[in-house]
Amino acid sequence: MTSQDAHGPESAAASRRSKLTPEREQEFFDAVLEQIRECGYEAVTMEGVATSTRCSKSTLYRQWKTKPQFVVAALRSRRQSRLAGIDTGSLAEDLREAARGAARWSMTDTKLLQALGHAVTQDADLAGALREAIVEPEITALREILRRGVERGEVEAGHPALEYIPAQMFGMVRARPVVDGEYADEAYLLRFVEAAVLPALGLGPERPRPPSAG
(Lines give C-alpha, C1' and ligand atoms only; values in the text may rest on other atoms or scores of the structure.)
Protein backbone atom coordinates (compact mmCIF):
# COMPACT_ATOMS: atom_id res chain seq x y z
CA MET A 1 0.00 0.00 0.00
CA THR A 2 1.40 3.41 -0.93
CA SER A 3 1.38 6.37 1.43
CA GLN A 4 -1.18 7.97 -0.89
CA ASP A 5 -3.43 4.94 -0.47
CA ALA A 6 -2.97 5.01 3.30
CA HIS A 7 -4.01 8.63 3.58
CA GLY A 8 -6.59 8.62 0.81
CA PRO A 9 -9.80 8.35 2.86
CA GLU A 10 -8.50 10.79 5.48
CA SER A 11 -7.50 13.31 2.83
CA ALA A 12 -10.84 12.93 1.11
CA ALA A 13 -12.66 13.55 4.38
CA ALA A 14 -10.57 16.63 5.06
CA SER A 15 -11.37 17.88 1.57
CA ARG A 16 -15.09 17.42 2.17
CA ARG A 17 -14.87 19.24 5.50
CA SER A 18 -13.04 22.15 3.93
CA LYS A 19 -16.10 22.94 1.80
CA LEU A 20 -17.80 24.37 4.87
CA THR A 21 -16.82 27.90 5.74
CA PRO A 22 -16.25 28.63 9.45
CA GLU A 23 -19.34 30.84 9.38
CA ARG A 24 -21.52 28.06 7.95
CA GLU A 25 -20.11 25.54 10.39
CA GLN A 26 -20.91 27.88 13.29
CA GLU A 27 -24.42 28.29 11.93
CA PHE A 28 -24.90 24.52 12.23
CA PHE A 29 -23.46 24.53 15.74
CA ASP A 30 -25.68 27.39 16.87
CA ALA A 31 -28.73 25.68 15.40
CA VAL A 32 -28.20 22.35 17.14
CA LEU A 33 -27.49 23.96 20.52
CA GLU A 34 -30.56 26.19 20.23
CA GLN A 35 -32.74 23.19 19.37
CA ILE A 36 -31.36 21.30 22.37
CA ARG A 37 -32.24 24.23 24.65
CA GLU A 38 -35.75 24.48 23.27
CA CYS A 39 -36.66 20.83 22.66
CA GLY A 40 -34.28 18.71 24.74
CA TYR A 41 -31.41 16.55 23.56
CA GLU A 42 -33.46 13.46 22.79
CA ALA A 43 -35.87 15.35 20.53
CA VAL A 44 -33.16 16.88 18.35
CA THR A 45 -32.37 15.11 15.07
CA MET A 46 -29.87 15.68 12.31
CA GLU A 47 -32.84 15.98 9.96
CA GLY A 48 -34.34 18.74 12.09
CA VAL A 49 -31.11 20.72 12.14
CA ALA A 50 -30.74 20.26 8.39
CA THR A 51 -34.23 21.66 7.85
CA SER A 52 -33.67 24.67 10.09
CA THR A 53 -30.36 25.51 8.41
CA ARG A 54 -31.56 24.78 4.87
CA CYS A 55 -29.06 22.09 4.05
CA SER A 56 -29.25 18.40 3.26
CA LYS A 57 -28.93 15.98 6.13
CA SER A 58 -26.17 14.23 4.15
CA THR A 59 -24.08 17.40 4.62
CA LEU A 60 -24.32 17.04 8.38
CA TYR A 61 -23.69 13.29 8.35
CA ARG A 62 -20.65 13.80 6.10
CA GLN A 63 -19.14 16.25 8.59
CA TRP A 64 -20.24 14.57 11.83
CA LYS A 65 -21.13 10.91 11.61
CA THR A 66 -23.61 10.86 14.50
CA LYS A 67 -25.70 13.26 16.53
CA PRO A 68 -23.48 12.89 19.62
CA GLN A 69 -20.39 13.72 17.55
CA PHE A 70 -22.19 16.75 16.11
CA VAL A 71 -23.24 18.01 19.55
CA VAL A 72 -19.75 17.44 20.99
CA ALA A 73 -18.26 19.51 18.15
CA ALA A 74 -20.86 22.24 18.70
CA LEU A 75 -20.09 22.42 22.42
CA ARG A 76 -16.34 22.50 21.87
CA SER A 77 -16.76 25.39 19.43
CA ARG A 78 -17.85 27.49 22.43
CA ARG A 79 -14.73 26.94 24.54
CA GLN A 80 -14.11 30.47 25.73
CA SER A 81 -14.71 32.21 29.02
CA ARG A 82 -17.01 35.18 29.02
CA LEU A 83 -15.50 36.13 32.38
CA ALA A 84 -11.93 36.23 31.09
CA GLY A 85 -10.41 39.68 31.02
CA ILE A 86 -12.16 40.99 34.13
CA ASP A 87 -9.49 42.95 36.02
CA THR A 88 -10.62 46.14 37.76
CA GLY A 89 -7.74 46.17 40.23
CA SER A 90 -10.07 45.23 43.09
CA LEU A 91 -11.07 41.71 44.09
CA ALA A 92 -14.48 42.81 45.34
CA GLU A 93 -15.26 44.70 42.13
CA ASP A 94 -13.92 41.85 39.98
CA LEU A 95 -16.36 39.50 41.71
CA ARG A 96 -19.21 41.94 41.14
CA GLU A 97 -18.27 42.15 37.45
CA ALA A 98 -18.19 38.34 37.31
CA ALA A 99 -21.73 38.32 38.74
CA ARG A 100 -22.88 40.77 36.08
CA GLY A 101 -21.23 38.70 33.36
CA ALA A 102 -22.67 35.43 34.64
CA ALA A 103 -26.15 36.96 34.63
CA ARG A 104 -25.91 37.70 30.91
CA TRP A 105 -25.61 34.01 30.00
CA SER A 106 -27.47 32.54 32.96
CA MET A 107 -30.60 31.56 31.06
CA THR A 108 -29.06 30.16 27.87
CA ASP A 109 -26.36 28.10 29.56
CA THR A 110 -28.65 26.82 32.32
CA LYS A 111 -31.22 25.70 29.75
CA LEU A 112 -28.49 23.87 27.85
CA LEU A 113 -27.22 22.14 30.98
CA GLN A 114 -30.74 21.09 31.93
CA ALA A 115 -31.49 19.82 28.42
CA LEU A 116 -28.33 17.72 28.34
CA GLY A 117 -28.69 16.47 31.90
CA HIS A 118 -29.55 12.82 31.25
CA ALA A 119 -27.58 12.49 28.02
CA VAL A 120 -24.27 13.45 29.62
CA THR A 121 -24.62 10.64 32.15
CA GLN A 122 -24.72 8.18 29.25
CA ASP A 123 -21.96 9.63 27.05
CA ALA A 124 -18.51 10.43 28.45
CA ASP A 125 -17.49 12.45 25.37
CA LEU A 126 -20.61 14.57 25.65
CA ALA A 127 -20.03 15.10 29.37
CA GLY A 128 -16.42 16.11 28.71
CA ALA A 129 -17.40 18.54 25.98
CA LEU A 130 -20.02 20.12 28.22
CA ARG A 131 -17.45 20.67 30.97
CA GLU A 132 -14.99 22.12 28.45
CA ALA A 133 -17.59 24.46 26.96
CA ILE A 134 -19.45 25.76 29.99
CA VAL A 135 -17.88 24.72 33.27
CA GLU A 136 -14.10 24.84 33.01
CA PRO A 137 -13.68 28.25 31.30
CA GLU A 138 -15.77 30.05 33.92
CA ILE A 139 -14.23 28.21 36.88
CA THR A 140 -10.74 28.98 35.52
CA ALA A 141 -11.59 32.67 35.11
CA LEU A 142 -12.95 32.88 38.66
CA ARG A 143 -9.83 31.20 40.04
CA GLU A 144 -7.71 33.74 38.16
CA ILE A 145 -9.70 36.60 39.70
CA LEU A 146 -9.08 35.15 43.16
CA ARG A 147 -5.40 34.55 42.43
CA ARG A 148 -4.90 38.20 41.55
CA GLY A 149 -6.68 39.22 44.74
CA VAL A 150 -4.24 37.10 46.73
CA GLU A 151 -1.29 38.61 44.87
CA ARG A 152 -2.53 42.11 45.68
CA GLY A 153 -2.80 41.17 49.34
CA GLU A 154 -6.56 41.63 49.52
CA VAL A 155 -7.03 38.13 50.91
CA GLU A 156 -4.50 35.74 52.40
CA ALA A 157 -3.31 32.84 50.28
CA GLY A 158 -4.45 30.19 52.74
CA HIS A 159 -7.93 31.60 53.25
CA PRO A 160 -10.27 28.58 53.49
CA ALA A 161 -13.04 30.22 51.42
CA LEU A 162 -10.89 30.54 48.29
CA GLU A 163 -11.38 26.90 47.33
CA TYR A 164 -15.17 27.18 47.31
CA ILE A 165 -15.95 30.57 45.74
CA PRO A 166 -15.82 29.45 42.07
CA ALA A 167 -18.13 26.49 42.70
CA GLN A 168 -20.47 28.66 44.77
CA MET A 169 -20.81 31.31 42.10
CA PHE A 170 -21.20 28.78 39.32
CA GLY A 171 -23.63 26.76 41.41
CA MET A 172 -25.88 29.69 42.26
CA VAL A 173 -26.50 30.33 38.57
CA ARG A 174 -27.51 26.70 38.02
CA ALA A 175 -29.44 26.17 41.23
CA ARG A 176 -31.80 29.13 41.25
CA PRO A 177 -34.17 27.79 38.55
CA VAL A 178 -34.58 24.62 40.63
CA VAL A 179 -34.94 26.36 44.00
CA ASP A 180 -36.90 29.49 43.06
CA GLY A 181 -38.26 28.76 39.59
CA GLU A 182 -36.40 31.79 38.21
CA TYR A 183 -33.12 32.31 36.42
CA ALA A 184 -30.29 34.04 38.27
CA ASP A 185 -30.41 37.62 37.04
CA GLU A 186 -27.93 40.40 37.70
CA ALA A 187 -29.65 41.77 40.80
CA TYR A 188 -29.82 38.30 42.37
CA LEU A 189 -26.17 37.47 41.71
CA LEU A 190 -24.98 40.86 42.97
CA ARG A 191 -26.92 40.33 46.21
CA PHE A 192 -25.28 36.91 46.54
CA VAL A 193 -21.80 38.39 46.10
CA GLU A 194 -22.48 41.11 48.69
CA ALA A 195 -24.19 38.84 51.23
CA ALA A 196 -22.15 35.66 50.95
CA VAL A 197 -19.02 35.84 48.80
CA LEU A 198 -17.39 39.02 50.07
CA PRO A 199 -18.03 38.29 53.77
CA ALA A 200 -16.66 34.77 53.31
CA LEU A 201 -13.42 36.30 52.03
CA GLY A 202 -13.31 38.89 54.81
CA LEU A 203 -14.00 41.76 52.42
CA GLY A 204 -16.25 44.56 53.60
CA PRO A 205 -19.61 44.86 51.83
CA GLU A 206 -20.21 47.90 49.71
CA ARG A 207 -23.34 49.13 48.02
CA PRO A 208 -23.20 47.62 44.51
CA ARG A 209 -23.98 49.58 41.39
CA PRO A 210 -27.56 49.04 40.20
CA PRO A 211 -28.06 46.30 37.59
CA SER A 212 -27.35 47.51 34.09
CA ALA A 213 -30.32 48.34 31.91
CA GLY A 214 -31.57 45.45 29.80
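As a basis for the values below, the full set of heavy atoms in this structure was taken, side chains included, without hydrogen atoms, waters or symmetry mates.
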Should L75 and L116 count as side-chain neighbours, where that means a heavy-atom distance under 4.5 Å?
yes
Distance from I145 atom CD1 to R143 atom CZ, nearest 0.5 Å?
12.5 Å
Which pair of non-hydrogen atoms, one from L162 and one from A157, has the smallest distance, and what is that distance?
CD1-O, 3.4 Å
Looking at CG of D94 and CG of L146, how far apart are the two atoms once the value is rounded to the nearest 0.5 Å?
9.0 Å
Going from CG on L190 to CZ on R96, what distance comes out if it is rounded to the nearest 0.5 angstrom?
8.0 Å
Heavy-atom nearest pair, A31 first then T53, reads CB-CG2, 3.5 Å
V197 versus L203: any side-chain heavy-atom pair under 4.5 Å?
no
Side-chain touch T45/K57, heavy atoms, less than 4.5 angstrom
no
Between D123 and D125 (side chain of the first, backbone of the second, donor and acceptor by atom type, cut-off under 3.5 Å), is there such a pair?
yes
Donor + acceptor pair across side chains of T88, S90 (<3.5 Å):
no
Within residues 149-160 or reaching into it, pairs that qualify as side chain to side chain donor-acceptor pair (under 3.5 Å) - sequence neighbours excluded
R147-E151, R152-E154
Identify the two heavy atoms, one from A200 and one from A161, that lie closest to each other, and give their separation to 0.1 Å.
O-CB, 3.5 Å
Please test V120 against L113 for side chain to side chain contact (heavy atoms under 4.5 Å, CB included), starting from the C-alpha separation and ending with a verdict.
CA-CA 9 Å; V120 297; L113 279 165; over 6 Å; no
Trace of the side chain to side chain contact (heavy atoms under 4.5 Å, CB included) decision for T108 with L33:
CA-CA 10 Å; T108 56; L33 294 179; over 6 Å; no
Interatomic distance, R24 atom CZ to T21 atom OG1 [nearest 0.5 angstrom]:
8.0 Å
Within 6.0 Å of CE in M107, more than 12 heavy atoms from elsewhere
no
So if I apply the salt bridge (charged side-chain N to carboxylate O under 4.0 Å, His left out) rule between R76 and each of E25, E132, E136, which one comes out positive?
E132
Looking at side-chain heavy atoms only, is the closest gap between E138 and V173 below 4.5 Å?
no
Which is it for R148 and L91 under the side chain to side chain contact (heavy atoms under 4.5 Å, CB included) test, yes or no, and what are the steps along the way?
CA-CA 8 Å; R148 288 196 303 268; L91 177 55; over 6 Å; no
Could you check if a side-chain atom of M172 sits within less than 4.5 angstrom of a side-chain atom of Y188, using non-hydrogen atoms only?
yes
Here the gap from Y183 atom OH to T110 atom OG1, rounded to the nearest 0.5 Å, amounts to 6.5 Å
Lys/Arg N to Asp/Glu carboxylate O, R100 vs E93, below 4.0 Å:
yes
Salt-bridge contact R82-D109 (side-chain N to carboxylate O under 4.0 Å)
yes
d(L189 CG, E194 CD) to nearest 0.5 Å is 12.0 Å
Nearest heavy-atom approach of L95 to V193 is O-CG2, 3.9 Å
Any salt bridge linking R104 with E186? Criterion: basic side-chain nitrogen under 4.0 Å from a carboxylate oxygen.
no
Heavy atoms only: give me the nearest A84-A141 pair and the separation to one decimal.
N-CB, 4.0 Å
Is there a side-chain contact between Q114 and R37 in this structure, where contact means two heavy atoms from C-beta onward sitting under 4.5 Å apart?
no
Considering only heavy atoms from C-beta outward, does the side chain of E182 approach that of P177 to under 4.5 Å?
no
Decide yes or no on side chain to side chain contact (heavy atoms under 4.5 Å, CB included) for Q168 and F192, but give the supporting numbers first.
CA-CA 10 Å; Q168 283 181 317; F192 170 67; 4.0 Å; yes
Shortest non-hydrogen contact from A50 toward L60
N-CD1, 3.7 Å
Pairs where residues 22-44 contributes a residue and the test ring-ring contact (aromatic ring centres under 6.0 Å, His included) is met, not counting sequence neighbours
F29-W64
Applying side chain to side chain contact (heavy atoms under 4.5 Å, CB included), can you list everything that pairs with T140, at least two apart in sequence or on another chain?
none
Examine distances only and state if a side-chain atom of S106 and a backbone atom of A184 form a donor-acceptor pair shorter than 3.5 Å.
yes
Keeping the roles fixed (side chain from K67, backbone from V44), state whether a donor-acceptor pair exists under 3.5 Å.
yes
